[in-house]
S.K.: 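Input: one structure, supplied below.
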2 protein chains.
Amino acid sequence: MTVTAAFLADLRSCLPSDQVLTSPEDLIVHGYDGTWLDHLPDVVVVPRTTANVAAIVQVACAHGVPLVPRGAGSGLAGGAVPACGGVVLSTTRMDQILAIDRSSLIAVVQPGVVNATLQNSVERLGLFYPPDPASLNQATIGGNVATSASGPRCLKYGGTKDYVVGLEVVLASGEVVRLGSRSHQPTADHHLLQAFIGSEGTLGVITEVAVRLIPKPEHRGTVMAAFNHLEDASDAVSRILIAGVVPLALEMMDQVTLRCVEEYLKVGLPIDSEAMLLIDVDGGTEAVGLQVDLVADVCRAAGAAIVQPAASDAESARLWRARRSTSSSFGRLRPNKLGEDISVPRSAVPTMVRAVQAIAREYDLLIPLFGHIGDGNLHPNILCDLRDRTEMTRVVAAARAIFAASIENCGVLSGEHGIGMLKRDFMSQCLDKGALALLRRIKRTVDPMGLLNPGKVFD
Amino acid sequence: MTVTAAFLADLRSCLPSDQVLTSPEDLIVHGYDGTWLDHLPDVVVVPRTTANVAAIVQVACAHGVPLVPRGAGSGLAGGAVPACGGVVLSTTRMDQILAIDRSSLIAVVQPGVVNATLQNSVERLGLFYPPDPASLNQATIGGNVATSASGPRCLKYGGTKDYVVGLEVVLASGEVVRLGSRSHQPTADHHLLQAFIGSEGTLGVITEVAVRLIPKPEHRGTVMAAFNHLEDASDAVSRILIAGVVPLALEMMDQVTLRCVEEYLKVGLPIDSEAMLLIDVDGGTEAVGLQVDLVADVCRAAGAAIVQPAASDAESARLWRARRSTSSSFGRLRPNKLGEDISVPRSAVPTMVRAVQAIAREYDLLIPLFGHIGDGNLHPNILCDLRDRTEMTRVVAAARAIFAASIENCGVLSGEHGIGMLKRDFMSQCLDKGALALLRRIKRTVDPMGLLNPGKVFD
């Protein structure tokens, strides 16, 4: 679609001139996200206030122009890609932390605040905002809410959906609606609030987010454990949880990932092991010490070849550097990757990893795999080169095979990335027909013209 | 309303004869809940299967007869009272635990399973289902989901909404829809699943519930602390949480409650104290010991007059017996009570308690107050005698005054009981106009004829 001059004139008449962007370079940089999907928008708007957003939505709807809300564009499912053109509404200039209330443990932010900015701001006050998607240095809180983002720490503390207590949203009608509250107290519209979390911009534009905070855990400890056999690593995970320790994070890197990262970092990772676990615990000094000892003991009993408790923050940071360098190390090997995001029951993790290994062999692809093994959320990354057409055919086939293997192992489509465009076509395989129909009916009720982020999720 | 003979005939034609009840005594016992609200249904149905429920809903909708789902009828907001007559659908015969899967930590139950039955069943396997509403020995899991029930342990472990992973619901169309999954993996319809939790039977009839379980905490410890000054008790609560201990439960009883319970139990409660706290912690032996010591120290530092760590399970049970006897002790003093359920930010608890004391004096009523102080959820219980008309006028006025004080202190309408009929008229004061309108629009989409639990929540 191409928008009309009348539409652009109406948009400009209700917004400050610096909030409407139409240069080719502005359109290009707002046409993609963290996947390789892209589509040019017709115009980009960068509002600063809720009133700006309401005006934009009203004009878009009056002219029947699609509108795609966008945070930092770090999403991994194509949710922020303007699939049908129209307006991209970037929240990056709505980047104010409006309040951090220490006594009530609440923060209120505009949607464009970057996750890490919020984390650092509250940690300076001795508080803690647990949700930590890998993209936390770029991703915005608004985007986190729209995709119901998680991260390693969610094993112990829960994800974005567990921390949002209030939202301000602009509906397709242009109406501004406030849901939930700015306190920990449950409100009578809690279930409506929840309906917007993970709705990927299809129900409204998020213009303000209130989240609850917790006191910052005093200390943190890490145990690294390398296993010759994948099954033993998986067994260790179950034993840790059954022992009553809930680690802050429980991450796994498979052998292919270890070798990729080691080639990049050269820090002496155990590249002969089939799997490496990184287990973080937190709490008071004594609690951390007890948990580190217990976790190390359990790993040894489960048959770990190497067990290394990180006693210092520096040592812990060194171990985590390996985990945080996965993407960079893959980028060094091949120019592109398809980052998958399946989630299977914990007991099915070894079977699923073996299935991915077999798929890698079958399609002759390099597929390092890592993930949040504590909750069964795995990220097989299919490394590739978009310019290599025959390879890309194999990549697409491998992705479908991985997805089929996930379903076969009682898994789901997406652990934490959302549906967007990338997994939209699989929705009918994963969801009950009635559930999908109901989602669509509610979507039509809230956005009768279907202008909010069309072509996504269930479209 | 009175239902037609044709309706009853259709109902009987699609159900086994023992599932349709019309005797006066059956109607009477299904006409009330835990409040003093009541209204006779025209007919009661007691289905055993999802297919039975679907048939009932289809017949009710074909005849335009209201349908009110009901669990154990222990609700405290009138949600299960058939305000407009019609059919009461009791789930009490759908009482089968369908599966407890130890390896995936999931239980699947029919909606009529009593909370305590599920708890006992999973605890025998070393597992744990945290949500523990006070009515757990009567209340059903279906009712817990419909009201999004909480309980003391929710401070640490979260409430019903945090444990439901899957639902089967029958919509007003008679269609059976499955939402979520039977695993811990997040599904693409998570936000739709959440929309049904706390919807009080207005969106559909719950016919199956899948919940996640956690490993059973090994040990439990209790600290009782009595404070001469309410403010010190409130201060102790903040200090405990800031110290990084998240107690399993953090309960308060005010002086009026202490005196009522002591008169009933005669166990030597500290009746000269303004407030008594009961603080439960759990975990491994060492962790429990450390936490009990820390909590006791914090309470002493905050000025507690008496601090009593319960070292044994028996001592802990004795202390909790007082907390569990509040309702019985009130019943001994006066025949009726209006159990309020406000929730204010933790920092506002002392102000709120003082406000309730002033209201009690102003309206010459006995209003013992207790509650989950850890999350600010307080239960002022207005003791009364329904037969005393002039007193009842004062009771209603006092209830309104308590509610107004809650709002004034940034509190909400209901902490955990739901809205039902009791608080329906306050919804517009508490919710954003747009949010309320949106709730109503979604309700109309899902239940266009408005036959599912009419007269409730937002009607």
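Naming convention: chains lettered A, B, ... in sequence-line order (proteins, then strands); numbering from 1 in each chain. Quick caveat: nothing in here was measured; it's all calculated off a predicted structure.
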S.K.: With only heavy atoms counted, which part of V457(B) is less than 4.5 Å from chain A, the side chain, the backbone, both or neither?
M.R.: neither
S.K.: Just so I understand: if I count every heavy-atom pair under 4.5 Å between each of D189(B), T187(B), I106(B) and chain A, which residue has the most?
M.R.: D189(B)
S.K.: Please flag which part of L439(A) lies under 4.5 Å from any non-hydrogen atom of chain B: side chain, backbone, both or neither.
M.R.: both
S.K.: Starting at CG of L290(A), measure out to CG of L290(B) and round the result to the nearest 0.5 Å.
M.R.: 6.5 Å
S.K.: Considering only heavy atoms and a distance below 4.5 Å, find which of Q291(B), R444(B), R441(B) pairs most often with chain A.
M.R.: R441(B)
S.K.: Which heavy atom of A435(A) sits nearest to which heavy atom of L179(B), and what is that distance?
M.R.: CB-CD2, 3.5 Å
S.K.: If you take all heavy atoms of A195(B) and H191(A), which pair is closest and at what distance?
M.R.: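 Looks like O-CD2, 3.0 Å.
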S.K.: Which bit of P217(B) comes within less than 4.5 Å of chain A, counting heavy atoms only: side chain, backbone, both or neither?
M.R.: neither
S.K.: Would you give the length of the straight line joining atom CG of L167(B) to atom CG of D432(A), rounded to the nearest 0.5 angstrom?
M.R.: 12.0 Å
S.K.: Can you name the one residue among V446(A), L438(A), T445(A) that meets side chain to side chain contact (heavy atoms under 4.5 Å, CB included) with T445(B)?
M.R.: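 Single side chain to side chain contact (heavy atoms under 4.5 Å, CB included) partner of T445(B) among V446(A), L438(A), T445(A): T445(A).
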S.K.: Which bit of V344(A) is near chain B, if near means a heavy-atom gap under 4.5 Å: side chain, backbone, both or neither?
M.R.: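 Only the backbone of V344(A) comes within 4.5 Å of chain B.
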S.K.: Return yes when atom CZ of R102(B) has more than 12 non-hydrogen atoms of other residues, nucleotides or ligands closer than 6.0 Å, and no otherwise.
M.R.: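 Counting other residues, nucleotides and ligands, CZ of R102(B) stays at 12 neighbours or fewer.
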S.K.: Using a cut-off of under 4.5 Å on heavy-atom pairs, state which of G376(A), S148(A), S343(A) scores highest against chain B.
M.R.: S343(A)
S.K.: Where on L171(B) is there a heavy atom nearer than 4.5 Å to chain A: the side chain, the backbone, both, or neither?
M.R.: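 L171(B) touches chain A through side-chain heavy atoms alone.
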S.K.: For the candidates E175(B), H190(B), R182(B), which exhibits the highest count of non-hydrogen atom pairs separated by less than 4.5 Å from chain A?
M.R.: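 Highest number of pairs under 4.5 Å: H190(B).
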S.K.: Between L105(A) and R346(B), is there a side-chain heavy-atom distance shorter than 4.5 Å?
M.R.: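 Heavy-atom side-chain distance check passes, below 4.5 Å.
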S.K.: Any side-chain heavy atom of K161(A) within less than 4.5 Å of one from Q194(B)?
M.R.: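 When only atoms from C-beta onward are counted, Q194(B) and K161(A) do not touch, as no gap falls below 4.5 Å.
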S.K.: Out of A188(B), S347(B), G283(B), G198(B), which one racks up the most heavy-atom pairs below 4.5 Å with chain A?
M.R.: A188(B)
S.K.: I need the residue from P215(B), A437(B), P345(B) with the largest number of non-hydrogen atom pairs under 4.5 Å to chain A.
M.R.: P345(B)
S.K.: Provide the full list of side-chain hydrogen bond (donor to acceptor under 3.5 Å, both in side chains) pairs with a residue in residues 418-428 of chain A, sequence neighbours left out, each pair given once.
M.R.: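 Counting only pairs at least two positions apart or across chains, no side-chain hydrogen bond (donor to acceptor under 3.5 Å, both in side chains) contact touches residues 418-428 of chain A.
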